[in-house]
Structure formats: C-alpha cells, structure tokens
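Worksheet: the structure to be examined is printed underneath.
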Amino acid sequence: MPKAATQIEYNLPIPNELRPLLPVTKRIMIDTDPGVDDALAFLLALASPEIQLEALTTTQGNVTLEKATANALAVLELARASHIPVARGSLLPLVEPLRASAFVHGESGIGNSRLPQPQAKPVPGHAVDYLIERVLAEPGELSIFPIGPLTNIAMAIRKEPRFASAIKELVIMGGAILERGNITPQAEFNIYVDPHAAHIVFHSGIPITLIPLDVTHKCLLKQEHIDRLMQISSPISRFIRDAVEVYLDASTQLGYEGSSLHDPLTLATILAPELLTLKEYYVDVDISGGVSMGKTFADIPNVLKKPANMKVAMQVRGAEFVELFLQRMEDLSRRITD
Ligand code: BDR
Ligand code: CA
C-alpha cells in the first residue's frame, strides 16, 4: 500500500482509500496548446501538493495540434510525470482558420528548449470524448483549466448535453476586459483564435472564472528570476531558462518588462486565491467578424441587466504570485535532478 505523502510528493495517482488521509487537493484537467507558459503551468501544477493533475487534453493554438501534443508529452516526461494521460484534441478552430504564434513561443512551441523524445503516447481517441467520459464518470468532481483556445470545451458541450452540468467549474485563461489585446488591438489570443468556441462556452451555464490579460500582464517573469532559478542545477531549471528565452525577447519587443505568466496564473485560484480580486460580470465575446472580432466585453455598469455568467479576475498581487511560482519551481528543480 503506497503512503499518501509519497503519492502526493511524486504527483502519482492517489487511490480513493487514501484520499481522506490527505490534505484537500483539487482534481483538475488542463486543456492546453503548449506553448511556453502552458508548459510552466503544467510544472506549477506538478510542483503543488494542493493540486492533483488528472490529465492534459491538447488543442491547436500557439502551435499545431501535432506539436502541442508532442510538447505536452515531452514536458510531462521531463518532469517525471509521464503517467499522466494526454488526450489529443481539435485540429482546427470551429470556424476560423488555423493560427500559430512562433514569434512568441518559438518554432517548436516551447522556445529553445531541448525536450526528451517522449516514450508515452496519447491515450486512444479524441480529447473531446476523453473529457466527456472523465467528467460524466464523476459528476461535480473535476475542474477543467482551459489555457488555450476553447475548441475542445465547446465541442464537448455541443456533443454531450450532460457535459456542462457535470463539470465542477472552468478556470479559463483568456480575454482582455479593460486591458488592450495582444493579438489584435482589442482581442486576446486564446479567445481570438476560436471566438465561436468562446461564445458557446461563455453561454453554457458552467461556473466560470476568467483570468484575463488585465491580471496576467501584472505577473512578469524577468531575467533576474531565471538567474535565481539557475542557482539550482536541474533539468527543470535549465528547461525553464531555455523555454523562456524566445518568450522574453518577444515580450520585451512588445514593450513589457518581462514575460507574462498567463497560464500559470489560473492555478492561483487554488494555490493563493487571496491574491486575486474577482468580480461577477456578464461577459460576452464579439463574433461579428469586424475589427473587434474576439474581443471580450464585460457589462461592468450592468446596463444590460443580464445575470452574471462568470467571475473575472480584475486585480492581482502580481509580485507575490511570481514569488510563489519561483519557490515552487525551485522546489521542483531540487526534486528533479540529473
Ligand atoms: C495566451 O495566449 C497564449 O499565447 C498563451 O499560452 C496564453 O494562453 C495569452 O494570451
Ligand atoms: Ca496557452
């Protein structure tokens, strides 16, 4: 019989009979298009005993589906977590053409990192079916953290009418409320890539927390933080240095003082919710095809008198989150050595 603490320390699956002995952990699946900051989000989840990472499901976005899936498997392998299932998802957005952002994430999707050739394979079948199967097997238990375009989630909602009411919640990295966009002057990347999917998800009735650019732009990873991590010799610290290089350059060229920890910040809802100020708003997305295509609109003055459909993070204590992130990466780097 494995010891509960050992299972947690190595992020192994926890048998149900051990759960009552453990501190409360949140069981999550991450839907992702890795992506430098997506990879950092996986590492943060794996470094955190408060989180049980149940699966990754992949989608196109920062890179093609093929690269996204290979990157997801490779990062798990690097972090000695290849037992975590990866399900391959959507090849294309619902309506829009494929996009990819090599400028920000590098050709491979994960900067200049040299990842191991993954031994594990994706689970059979499509991520949409995998999500439906897992969520319906344990209604109300699993939270999903979408940190890429919302294509898989929208398809699951449309394919299985019971899916929306069986998910515990969605914590989405996406949108820009008062902040400017990062892919058009108005739109944020994840929402812009598949705005029709976002429209379906926003109006699905699923409890949603949105983590938009308004807060992620305040959580900046800088060169001095990388230098601090490099005090520890580990495949993890080296991976972070190599992965972030291109991302840091691109962020500097765009006028930021560091690289935003967009996707890792979703996990603050579990690890340090007190760092986020959440407001309940009715939020919609423009799918009309004009200059504000993909823009997220929050009815802050409540002029529409529609019920709020999500909680939106509007403020963050950014420096404290970056410190938490660094400490967890230091812990993981000490744990995973050559
Ligand atoms: C989002 O877009 C992607 O490039 C990042 O991985 C993040 O999920 C930020 O707009
Ligand atoms: Ca992402």
Side-chain angles (χ1 to χ4, degrees), residues 30 32 35-45 47-48 50-51 62 101 103-105 111 145-148 170-192 208-229 240 243-281 283 294-298 300 310-330:
I30 297 182
T32 175
V36 175
D37 60 322
D38 300 72
L40 299 181
F42 313 158
L43 295 182
L44 182 57
S48 298
E50 302 90 336
I51 295 170
N62 290 318
S101 62
F103 170 64
V104 178
H105 296 271
F145 281 57
I147 57 175
L170 292 171
V171 181
I172 299 171
M173 192 282 126
I177 304 297
L178 302 176
E179 181 78 347
R180 63 187 162 95
N182 63 353
I183 184 74
T184 73
Q186 310 216 50
E188 180 279 330
F189 180 82
N190 288 343
I191 304 297
Y192 181 75
I208 293 174
T209 302
L210 192 74
I211 307 293
L213 296 182
D214 305 66
V215 282
T216 65
H217 277 166
K218 299 200 169 72
C219 299
L220 297 178
L221 192 66
K222 302 180 182 174
Q223 187 57 47
E224 69 206 55
H225 300 135
I226 303 295
D227 296 343
R228 170 174 153 189
L229 267 179
I240 295 173
V244 166
E245 214 172 10
V246 179
Y247 194 39
L248 257 176
D249 276 356
S251 306
T252 313
Q253 283 180 48
L254 292 171
Y256 299 106
E257 286 171 16
S259 296
S260 299
L261 292 171
H262 302 289
D263 294 341
L265 186 59
T266 55
L267 299 173
T269 57
I270 304 173
L271 302 177
E274 70 282 5
L275 300 183
L276 294 164
T277 305
L278 302 180
K279 301 275 187 193
E280 293 201 19
Y281 292 136
V283 179
K295 161 90 185 135
T296 42
F297 294 87
I300 295 175
M310 62 184 75
K311 293 180 187 151
V312 184
M314 295 300 288
Q315 285 172 34
V316 64
R317 296 188 339 234
E320 287 173 64
F321 177 72
V322 174
E323 179 58 32
L324 181 151
F325 174 81
L326 283 170
Q327 285 179 13
R328 298 287 167 115
M329 292 304 102
E330 287 174 333

Set of residues satisfying side-chain contact (heavy atoms from CB on, under 4.5 Å) with respect to [X], sequence neighbours excluded:
| X | result |
| --- | --- |
| Leu220 | Lys222, Glu257, Ser260 |
| Thr184 | Gln186, Ala187, Tyr192 |
| Tyr256 | Arg180, His217, Ser251, Leu254 |

We want to know whether Gln223 and Asp227 form a side-chain donor-acceptor pair, criterion being a heavy-atom distance below 3.5 angstrom.
yes
Main-chain N/O of [Y] paired with [X] side-chain donor or acceptor, under 3.5 Å:
| X | Y | answer |
| --- | --- | --- |
| Asn190 | Met173 | yes |
| Lys295 | Ala176 | yes |
| Asp37 | Pro264 | no |
| Asp214 | Ile177 | yes |

With sequence neighbours left out, what residues match Thr296 under side-chain hydrogen bond (donor to acceptor under 3.5 Å, both in side chains)?
none
Salt bridge (charged side-chain N to carboxylate O under 4.0 Å, His left out) pairs touching residues 313-322, sequence neighbours excluded, are Arg317-Glu320
Between [Y] and [X], is there a side-chain heavy-atom distance shorter than 4.5 Å?
| X | Y | result |
| --- | --- | --- |
| Met314 | Thr277 | no |
| Leu40 | Val244 | yes |
| Val36 | Val246 | no |
| Leu221 | Tyr247 | no |
| Ile300 | Leu178 | yes |

Roughly how far, to the nearest 0.5 Å, is [atom2] of [Y] from [atom1] of [X]?
| X | Y | atom1 | atom2 | value |
| --- | --- | --- | --- | --- |
| Leu229 | Ile240 | CG | CD1 | 5.0 Å |
| Leu324 | Gln327 | CG | CD | 6.5 Å |
| Ile211 | Thr266 | CD1 | OG1 | 7.0 Å |
| Leu271 | Glu50 | CG | CD | 5.0 Å |
| Ile147 | Thr32 | CD1 | OG1 | 4.0 Å |
| Gln253 | Leu248 | CD | CG | 11.5 Å |

Glu323: what forms a salt bridge (charged side-chain N to carboxylate O under 4.0 Å, His left out) with it, not counting sequence neighbours?
Arg228
Does the pair Leu267 and Ser48 meet the rule for a side chain to side chain contact (heavy atoms under 4.5 Å, CB included), with working shown?
CA-CA 10 Å; Leu267 299 173; Ser48 298; over 6 Å; no
Please assess Phe145 against Ile270 for the test side chain to side chain contact (heavy atoms under 4.5 Å, CB included), listing each intermediate value before the final yes or no.
CA-CA 11 Å; Phe145 281 57; Ile270 304 173; 3.7 Å; yes
Using every non-hydrogen atom in the two residues, find where Ala47 and Met329 come nearest and quote the distance to one decimal.
CB-CE, 4.2 Å
Evaluation steps, side chain to side chain contact (heavy atoms under 4.5 Å, CB included), between Phe321 and Val215
CA-CA 11 Å; Phe321 177 72; Val215 282; over 6 Å; no
